[in-house]
Amino acid sequence: MPVLPGAEPFRHEGGETGVLLCHGFTGSPQSLRPWARYLAERGLTVSLPLLPGHGTRWEDMQVTGWQDWYAEVDRELRALRERCARVFVAGLSMGGALALRLAAKHGDAVEGVVLVNPANRMHGVAQHALPVLRHLVPATKGIASDIAKPLSTELGYDRVPLHSAHSLRAFFRLADGDLPQVTQPLLLLRSPQDHVVPPADSARILGRVSSTDVTEILLEHSYHVATLDHDADRIFAESVAFIGRLAPGSVGEPETGLGKEGTAAGG
């Protein structure tokens, strides 16, 4: 199936500091594209991959699992490390869990971690029913576009494939066990009004990581997909300030000439 318009991956060759952005479950690079462009315009090398099974139709995702999604971001991180002196990882929702596992597994190869409304576990009936329900029902109602800002929408599936959700459940357990291995500086931005991921997930992450340089920021005016919401500009600015503090000299003044998608995107 062809990739949906707007769901394409984004890559930009910038300076010696790289940033890997990880999108969320059933979402696409569209939800993080403005953030990616903001970083690219300030001279950073940026990679925003499209996770397997995403960005086409939900049926394509049904045959993928966490191993596929993690393998994709792991490859992108290794590629960034080959051409950058320093690399940061960042993610939204499930992308935050992927970023945390990358930090845990790659250690000093990751300079710092930025999380936006990170997910850590399944909640409610889903966590208990999925092992059986996935064999009875192929999909359930989607979770995309939890956004407060009028007319702002997320390009994500309107259905959640339950085989993939079951795999995500397993991944959350695995990633949670990795959290004590996360020692890098951490910037966590979360929305008190999030209808997809409860605040308990961020609290557990902050309580289990071994990082000593930790900053938590509340996004008072946004829902779950805060990167497309009222607080998007704050997320972008805070992440650049975080990177600039840890990698002095890596962030420049906004560049011009990135207006054409072809200068920054790849397949």
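Everything numeric in this text was worked out from a predicted model, so none of it was measured. Count residues from 1 along the sequence.
Formation of a donor-acceptor pair under 3.5 Å by the Gln184 side chain with backbone atoms of Gly107 is found in this model. A donor-acceptor contact shorter than 3.5 Å links the side chain of Arg42 to the backbone of Tyr38. In this structure, Ser211 contributes its side chain and Pro185 its backbone to no donor-acceptor pair below 3.5 Å. Checking side-chain atoms of Asn117 against main-chain N and O of Leu92 turns up no donor-acceptor pair under 3.5 Å. Within the 3.5 Å criterion, the main-chain N or O of Ser164 finds no donor-acceptor partner in the side chain of His166. Not one N or O on the side chain of Gln30 forms a donor-acceptor pair closer than 3.5 Å with the backbone of Pro5. A donor-acceptor pair under 3.5 Å is formed between the side chain of Tyr157 and the backbone N or O of Thr56. Although no hydrogens or angles enter the test, the distance criterion places no donor-acceptor pair under 3.5 Å between the side chain of Arg190 and the main chain of Pro199. Judged purely by atom type and a 3.5 angstrom limit, Asp231 uses its side chain to pair as donor or acceptor with the backbone of Ser222. Checking side-chain atoms of Asp194 against main-chain N and O of Val197 turns up a donor-acceptor pair under 3.5 Å.
The shortest non-hydrogen separation linking Thr17 to Ala247 is OG1-CB, 4.2 Å. The two atoms that bring Gly96 and Pro118 nearest to each other are CA-CB, 4.3 Å, heavy atoms only. The two residues Ser202 and Leu188 make their nearest non-hydrogen contact at OG-CD2, 3.6 Å. Taking both residues in full, the closest heavy atoms of Glu154 and Ser31 are given as OE2-CB, 4.0 Å, listed atom of the first, atom of the second, then distance. Annotation for Pro9 and Pro29: closest pair CA-CG, 4.1 Å, computed over non-hydrogen atoms. Contact record, Leu189 with Glu238: CD2-CB, 4.2 Å, taken as the closest heavy-atom pair.
For Trp58 and Thr26, the side-chain atoms include no donor-acceptor pair closer than 3.5 Å. No hydrogens or angles considered: nothing links the side chains of His224 and Asp229 as a donor-acceptor pair under 3.5 Å.
Taking Ile, Leu, Val, Met, Phe, Trp and Tyr as members and joining any whose side-chain heavy atoms lie under 4.5 Å apart, directly or through other members, the hydrophobic cluster of Leu4 also contains Leu155. The hydrophobic side chain of Tyr223 is isolated, with no ILVMFWY side chain under 4.5 Å apart from it.
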- Message: Would Phe242 and Arg245 count as a side-chain contact (heavy atoms from CB on, under 4.5 Å) here? Give the steps.
- Response: CA-CA 5 Å; Phe242 176 75; Arg245 174 170 66 84; 3.8 Å; yes
- Message: Using the rule given for side-chain contact (heavy atoms from CB on, under 4.5 Å), can you reason through Arg33 versus Glu8, listing the C-alpha separation, both sets of side-chain angles and the distance that settles it, and then say yes or no?
- Response: CA-CA 9 Å; Arg33 191 174 303 273; Glu8 303 89 355; 3.8 Å; yes
- Task: Go through the steps for Lys149 and His221 under the test side-chain contact (heavy atoms from CB on, under 4.5 Å), then give the verdict.
- Result: CA-CA 9 Å; Lys149 187 176 181 180; His221 309 291; over 6 Å; no
- Message: With side-chain contact (heavy atoms from CB on, under 4.5 Å) as the criterion, how do Trp69 and Met61 come out once you've worked through the C-alpha distance, each side chain's angles and the decisive distance to 0.1 Å?
- Response: CA-CA 10 Å; Trp69 315 324; Met61 190 177 174; 3.8 Å; yes
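Under a hydrophobic clustering in which Ile, Leu, Val, Met, Phe, Trp and Tyr are joined whenever their side-chain heavy atoms come within less than 4.5 Å, directly or via other members, Leu168 and Leu174 fall into the same cluster. Val3 and Phe10 fall into different hydrophobic clusters, where Ile, Leu, Val, Met, Phe, Trp and Tyr residues are linked whenever their side-chain heavy atoms come under 4.5 Å apart, directly or through other members. Residues Leu179 and Val214 fall within the same hydrophobic cluster, defined by Ile, Leu, Val, Met, Phe, Trp and Tyr side chains chained together at heavy-atom separations under 4.5 Å. Hydrophobic cluster membership differs between Val89 and Leu50, with clusters built from Ile, Leu, Val, Met, Phe, Trp and Tyr side chains linked at under 4.5 angstrom.
Residues Pro49 and Leu20 form a side-chain contact, since some pair of their non-hydrogen atoms from C-beta on lies under 4.5 Å apart. In this structure, the side chains of Pro150 and His230 come closer than 4.5 Å at one or more pairs of heavy atoms. When side chains are defined from C-beta on, Phe25 counts as touching Ile143, because their heavy atoms get closer than 4.5 Å. Inter-residue side-chain proximity for Leu48 and Trp35 is flagged as unmet; no heavy-atom pair is nearer than 4.5 Å. Side-chain contact between Glu41 and Phe236 is absent, with no heavy-atom pair separated by less than 4.5 Å. Residues Asn120 and Leu100 form no side-chain contact, since every pair of their non-hydrogen atoms from C-beta on lies 4.5 Å or further apart. Two residues are said to be in side-chain contact when any heavy atoms from C-beta on lie closer than 4.5 Å; Val196 and Val225 fail this criterion. With contacts defined as side-chain heavy-atom distances shorter than 4.5 Å, the pair Arg78/His106 qualifies.
Between atom OG of residue Ser93 and atom CG of residue Leu115 there is a gap of 11.0 Å, rounded to the nearest 0.5 Å. Between Ile205 atom CD1 and Leu186 atom CG the span is 8.0 Å, to the nearest 0.5 Å. One distance of note links CZ of Arg234 with OG of Ser239; it measures 12.0 Å at 0.5 Å rounding.
Residues Trp66 and Phe171 bring their aromatic ring centres within 6.0 Å.
Put simply, the residue from Thr227, Ile235, Leu228, Leu39 that forms a side chain to side chain contact (heavy atoms under 4.5 Å, CB included) with Pro34 is Leu228.
Note on Arg57 versus Asp60: salt bridge recorded, some NZ/NE/NH1/NH2 to OD/OE distance being below 4.0 Å.
At least one cation-pi condition fails for Arg86 and Phe88: the charged atom is not both under 6.0 angstrom from the six-membered ring centre and inside a 45 degree cone around its axis.
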